[in-house]
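Order of appearance sets the numbers: ligands from 1, and atoms from 1 within every ligand.
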Amino acid sequence: MIEYKKYKIMEQKNSVYIATSLDGKIADANGSIDFLQSIPIPAGEDMGYAKFMDSIDALVMGRTTFETVMAFDHPWPYNKPVFVLSTTMKSVPPSHEGKVFLVAGPLKSILEEIYAKGFHKLYIDGGRTIQSFIREDLVDELIITVFPVLLGGGASLFGEHETPLSFKLKESNVFANEIVQNHFVRDRENYRS
Ligand SMILES: NC(=O)c1ccc[n+]([C@@H]2O[C@H](COP(=O)([O-])OP(=O)(O)OC[C@H]3O[C@@H](n4cnc5c(N)ncnc54)[C@H](OP(=O)(O)O)[C@@H]3O)[C@@H](O)[C@H]2O)c1
């Protein structure tokens, strides 16, 4: 069992960097993320992505998000290890061996396994994956980029969870005069209803 104090001593951090619609969806009813292209972004503006990627050691993503990235019409975008949560995938595609690693089981055991390999700052990606981390209060930082569109249906970033969790706003930025990015850090000292 991982204790919170141990996290702090080892400087472990689980971060979410994700884009949502105004109604909190991360993909539309067809599973598409085309809404991320709905606002023209000035060339060279990456909305903090490169800086964020520099700050992490590895990624932990759900199988659906892995399949989405695999289907992109461009080369594998990550230069850090990617741990894919799945109970159904039996092996990593040969093209991705050495870059992608399958993990399954209780989240805290998975995290122990990843930390033991020397990766302590993790990018947590994928809707159901983020929700399962939230359910166990394992998210330390949320960077949420909100696009001004209401998608109606689709996958929600946050589902139901039993215990309210407080976060503090660290920073807020606006891109292309339309897109708001809020950076929250988990506030484990306080609960404000
Ligand atoms: N807007 C954005 O910035 C953004 C970012 C990332 C993803 N997306 C999109 O959002 C959608 C995400 O799909 P999703 O909600 O299905 O999420 P997901 O988290 O990517 O994948 C869920 C899958 O992960 C596996 N899994 C194994 N253990 C798990 C655990 N403890 N907790 C959660 N999942 C576990 C399961 O796969 P098995 O069935 O194999 O066991 C589960 O079906 C995709 O359409 C993706 O393209 C959008």
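Atom numbering of ligand 1 starts at 1 in the shown order; those under 4.0 Å from a heavy atom of S132 are 30 (C), 31 (N), 32 (N), 33 (C). Numbered from 1 in the order shown, with element, the atoms of ligand 1 that lie under 4.0 Å from a heavy atom of D125 read 5 (C), 6 (C).
At a threshold of 4.5 Å between non-hydrogen side-chain atoms, the residues V185 and D140 do not count as touching. In this structure, the side chains of L157 and I18 come closer than 4.5 Å at one or more pairs of heavy atoms. Side-chain contact check for F101 versus K117: every heavy-atom pair is 4.5 Å or farther apart. Side-chain contact between S15 and I143 is absent, with no heavy atoms from C-beta onward closer than 4.5 Å. In this structure the side chain of F167 reaches within 4.5 angstrom of the side chain of L142, judged on heavy atoms. Using a 4.5 Å heavy-atom threshold, the side chains of T129 and T65 count as separate. Between I124 and L138 the shortest side-chain heavy-atom distance does not fall below 4.5 Å.
G31 O, 3.5 Å is the protein heavy atom nearest to atom 45 (O) of ligand 1. Scanning all protein heavy atoms for the shortest distance to atom 41 (O) of ligand 1 gives T87 OG1, 2.4 Å. Remark: minimum distance from atom 39 (O) of ligand 1 to any protein heavy atom is reached at R63 NH2, 2.7 Å. Closest protein heavy atom to atom 18 (P) of ligand 1: G62 CA, 3.6 Å. Protein heavy atom nearest atom 22 (C) of ligand 1, with residue, atom name and distance: T64 OG1, 3.5 Å. Looking from atom 1 (N) of ligand 1 to the surrounding protein, the closest heavy atom is A19 O, 2.8 Å. Among protein heavy atoms, atom 20 (O) of ligand 1 sits closest to T65 OG1, 2.6 Å. For atom 48 (C) of ligand 1, the closest non-hydrogen atom on the protein side is I26 O, 3.2 Å.
Around atom 14 (P) of ligand 1, the closest heavy atom drawn from Q131, R128, R135 belongs to R128. Considering T145, V60, T129, N30 only, the shortest heavy-atom separation from atom 34 (N) of ligand 1 involves T129. Comparing heavy-atom distances from atom 29 (C) of ligand 1 across L85, I124, L157 singles out L85 as nearest.
Ligand 1 has no nitrogen or oxygen under 3.5 angstrom from a nitrogen or oxygen of L36. At a 3.5 angstrom cut-off on N or O pairs, I33 does not count as close to ligand 1.
In T68, the part holding a heavy atom less than 4.0 Å from any atom of ligand 1 is the side chain. When heavy-atom distances to ligand 1 are checked against a 4.0 Å cut-off, S86 comes that close through both its backbone and its side chain. Counting heavy atoms under 4.0 Å from ligand 1, residue T88 touches it through both backbone and side chain.
S21 and D23 are linked by a side-chain donor-acceptor pair at a separation below 3.5 angstrom, with hydrogens and angles left out of the test. With no hydrogens or angles considered, no side-chain donor-acceptor pair links Q131 and H161 at under 3.5 Å.
Ring planes of Y17 and F52: parallel class, angle under 30° (limits at 30 and 60°). Ring planes of W76 and Y78: perpendicular class, angle over 60° (limits at 30 and 60°).
Residue-ligand proximity: A155 is placed with every non-hydrogen atom at 4.0 Å or more from ligand 1.
Of all heavy-atom pairs between I179 and M47, the closest is CG2-SD, 4.0 Å.
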